[in-house]
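Since the structure comes first, as structure tokens, the remarks are kept for the end.
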Number of protein chains: 2
Amino acid sequence: MVGAAARTEEMSWTDPTCPVARTLDLVGDRWSLLIVRDAMDGARAFTDFQHRTGIARNILTDRLRRLVERGILDRQTAPTGRRRNYVLTEAGRDLFALIVAARQWGERHAFAPAEPHSLLVDESGQPLPELRPTDAHGRPVDVDTTSVQHDRCP
Amino acid sequence: MVGAAARTEEMSWTDPTCPVARTLDLVGDRWSLLIVRDAMDGARAFTDFQHRTGIARNILTDRLRRLVERGILDRQTAPTGRRRNYVLTEAGRDLFALIVAARQWGERHAFAPAEPHSLLVDESGQPLPELRPTDAHGRPVDVDTTSVQHDRCP
DNA sequence: TCTTTTTGGTTGCAAAATGCAACTCATTGG
DNA sequence: CCAATGAGTTGCATTTTGCAACCAAAAAGA
């Protein structure tokens with residue numbers, strides 16, 4: 001299902017039939033996924049995001065608004081007219097796999113072997129195993145063993 | 001391991017300790033992942049990429065060069081013809097999981113239920129099951145059951 | 001062989017996105 | 001009440017992108 005404002009604002013897609021392209025149209029700019037990353041790591045207030053990402057404040061204002069419009073973040077006002085903060089929607093939380101894939105690729109290809117980096121761990125402190133696409137029977141697949149059908153409507 | 005030119009050119013990272021941020025610095029712009037997507041789907045020549053993505057040619061020139069510099073594409077001279085084309089490196093092929101994650105999120109959240117879209121299938125024509133991050137024991141994990149350690153060097 | 005077309009770019013300029021600093025205006029802590 | 005902080009907005013300079021025209025080498029055709 002498409003996000004709220006994507007409907008009202010009649011989003012113009014780079015490549016309307018490709019889910020990869022639509023995803024990039026929604027969160028594929030320089031900052032949106034870093035904002036989502038920080039939201040997943042507990043950031044909720046404007047300044048949380050500003051300090052963690054280092055993004056310019058006017059751009060942050062715009063990105064937060066767009067992520068809300070696109071159904072990835074939600075603005076919640078705490079009980080007594082307090083400060084509003086930003087929380088992930090279900091669609092936003094579902095970006096977890098994408099962020100994990102980005103993190104793991106970065107660990108494999110953007111760091112020297114001994115170079116320090118932050119680490120994503122499960123509840124027992126263990127790093128996650130690598131995400132591996134599989135076919136319907138659980139066998140690993142890759143570029144060579146898959147193909148894109150451009151002419152189907154499932 | 002870091003890409004060839006990332007070393008020579010002394011890349012300046014948005015957030016040097018975060019693998020997600022480094023990945024986005026390398027392929028997180030408006031076009032790079034669509035170029036990789038098309039390379040995975042068989043595009044090799046300049047004009048293949050130009051027609052599939054619709055990107056402006058000067059930008060395409062620049063993105064292709066950067067992807068080569070960053071170790072994601074390689075320029076290969078075809079056996080008979082003199083014309084060089086672009087093929088994915090191992091690091092580029094390893095972006096498969098990231099592209100699949102983007103595709104699956106797009107299918108779930110950027111399309112109306114009956115809206116047509118391209119489909120990634122395995123060798124027997126079956127769509128791939130959804131990628132699910134798991135812990136070391138194979139149990140599904142998500143935002144709530146994981147955390148980022150910002151102070152470790154594995 | 002000579003000409004035409006296609007490929008793979010480059011250059012210059014206009015438009016859009018981004019970054020930076022200064023300025024509001026409400027909330028909160030003392 | 002007053003100062004400090006949070007959450008933006010506004011204006012301007014810089015950077016990135018898009019568009020169209022131009023160009024040289026390679027391939028194709030006559």
Side-chain angles (χ1 to χ4, degrees), chain A residues 5 9-16 21 24-36 38-39 42-70 73-87, chain B residues 5 9-16 21 24-36 38-39 42-70 72-88:
Chain A
E9 188 193 285
E10 279 321 306
M11 187 99 190
S12 75
W13 305 106
T14 298
D15 180 349
L24 294 176
D25 282 339
L26 291 172
V27 297
D29 68 297
R30 177 153 200 62
W31 294 111
S32 292
L33 280 177
L34 291 182
I35 291 170
V36 171
D38 290 335
R44 341 233 98 195
F46 187 89
T47 41
D48 293 343
F49 294 105
Q50 208 225 314
H51 290 124
R52 298 198 201 197
T53 59
I55 187 175
R57 285 208 307 283
N58 54 343
I59 305 299
L60 177 56
T61 299
D62 181 69
R63 284 311 105 95
L64 289 170
R65 180 165 23 227
R66 276 176 26 179
L67 288 170
V68 170
E69 279 173 6
R70 293 170 179 188
L73 291 178
D74 191 22
R75 295 195 79 158
Q76 290 194 346
T77 308
T80 65
R82 290 188 176 273
R83 290 221 155 89
R84 301 176 290 188
N85 41 19
Y86 297 90
V87 298
Chain B
E9 186 193 287
E10 279 321 307
M11 187 99 191
S12 76
W13 306 106
T14 299
D15 181 349
L24 294 175
D25 282 340
L26 291 171
V27 297
D29 67 297
R30 175 153 201 62
W31 294 112
S32 292
L33 281 176
L34 291 182
I35 291 170
V36 171
D38 289 336
R44 341 235 100 193
F46 188 89
T47 41
D48 294 343
F49 294 105
Q50 208 226 314
H51 290 123
R52 299 198 199 197
T53 59
I55 186 176
R57 286 212 304 283
N58 54 344
I59 306 298
L60 177 57
T61 300
D62 181 68
R63 284 311 107 94
L64 288 171
R65 180 165 22 228
R66 275 178 24 181
L67 288 170
V68 170
E69 278 173 7
R70 294 170 180 188
I72 289 155
L73 292 178
D74 191 21
R75 297 196 77 160
Q76 290 193 345
T77 308
T80 61
R82 293 282 179 275
R83 207 146 257 166
R84 280 129 56 107
N85 41 19
Y86 298 90
V87 298
L88 290 165

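In what follows, every chain begins at residue 1, and chains take the letters A, B, ... in the order their sequences are listed.
- For the helix from C:dT1-D:dA30 to C:dG30-D:dC1, the rotation axes defined at the first and last 5 base pairs enclose an angle of 30°, given to the nearest 10°.
- B:Asp48 pairs by the salt bridge (Lys or Arg N to Asp or Glu O under 4.0 Å) definition with nothing, not counting sequence neighbours.
- Near-neighbour residues of DNA chain C inside residues 44-51 of chain B, defined by a heavy atom below 4.0 Å, number-ordered: B:Ala45, B:Phe46, B:Thr47.
- For residues 24-35 of chain B, the set of pairs meeting the side-chain hydrogen bond (donor to acceptor under 3.5 Å, both in side chains) definition, not counting sequence neighbours, comprises A:Thr14-B:Arg30, B:Thr14-B:Asp25, B:Asp29-B:Ser32, B:Asp29-B:Arg63.
- Residue A:Tyr86 contributes atom OH, which lies 8 Å from atom P of D:dA7 at whole-angstrom precision.
- Atom CZ of A:Arg75 and atom CG of A:Leu64 lie 8.0 Å apart (nearest 0.5 Å).
- Applying the 4.0 Å criterion to OP1 and OP2 of C:dT27, one finds that A:Arg84 has every side-chain N and O outside that range.
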Tell me which donor-acceptor pairs under 3.5 Å the side chains of residues 53-60 of chain B have, and how far apart each pair is, sequence neighbours excluded?
residue : atom : partner : partner atom : Å
B:Thr53 : OG1  : B:Phe49 : O            : 2.7
B:Thr53 : OG1  : B:Ile55 : N            : 3.2

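- Atom CD of residue A:Gln50 and atom OG1 of residue A:Thr61 lie 9.0 Å apart, to the nearest 0.5 angstrom.
- To the nearest 0.5 Å, atom CZ of residue B:Arg84 and atom CD of residue B:Gln76 are 11.0 Å apart.
- Of the inter-residue distances, the one linking B:Glu69 atom CD with B:Asp62 atom CG reads 8.5 Å to the nearest 0.5 angstrom.
- Considering all non-hydrogen atoms of both residues, A:Leu26 and A:Arg70 come closest at O-NH1, 3.0 Å.
- Note: CG (A:Leu60) to P (D:dA7) measures 10 Å, nearest angstrom.
- Note that the CG atom of A:Leu67 and the CG atom of A:Asp74 stand 12.0 Å from one another [nearest 0.5 Å].
- Taking each heavy atom of B:Leu33 and B:Val27 in turn, the nearest pair found is CG-O, 3.5 Å.
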If the sugar-phosphate is the primed atoms plus P, OP1 and OP2 and the base is the rest, what is the B/S/- string for nucleotides 10-21 of chain D, using protein heavy atoms under 4.0 Å?
BB-----SBB-B
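- B:Arg75 has no side-chain polar atom (N or O) that falls below the 4.0 Å cut-off from OP1 or OP2 of C:dG8.
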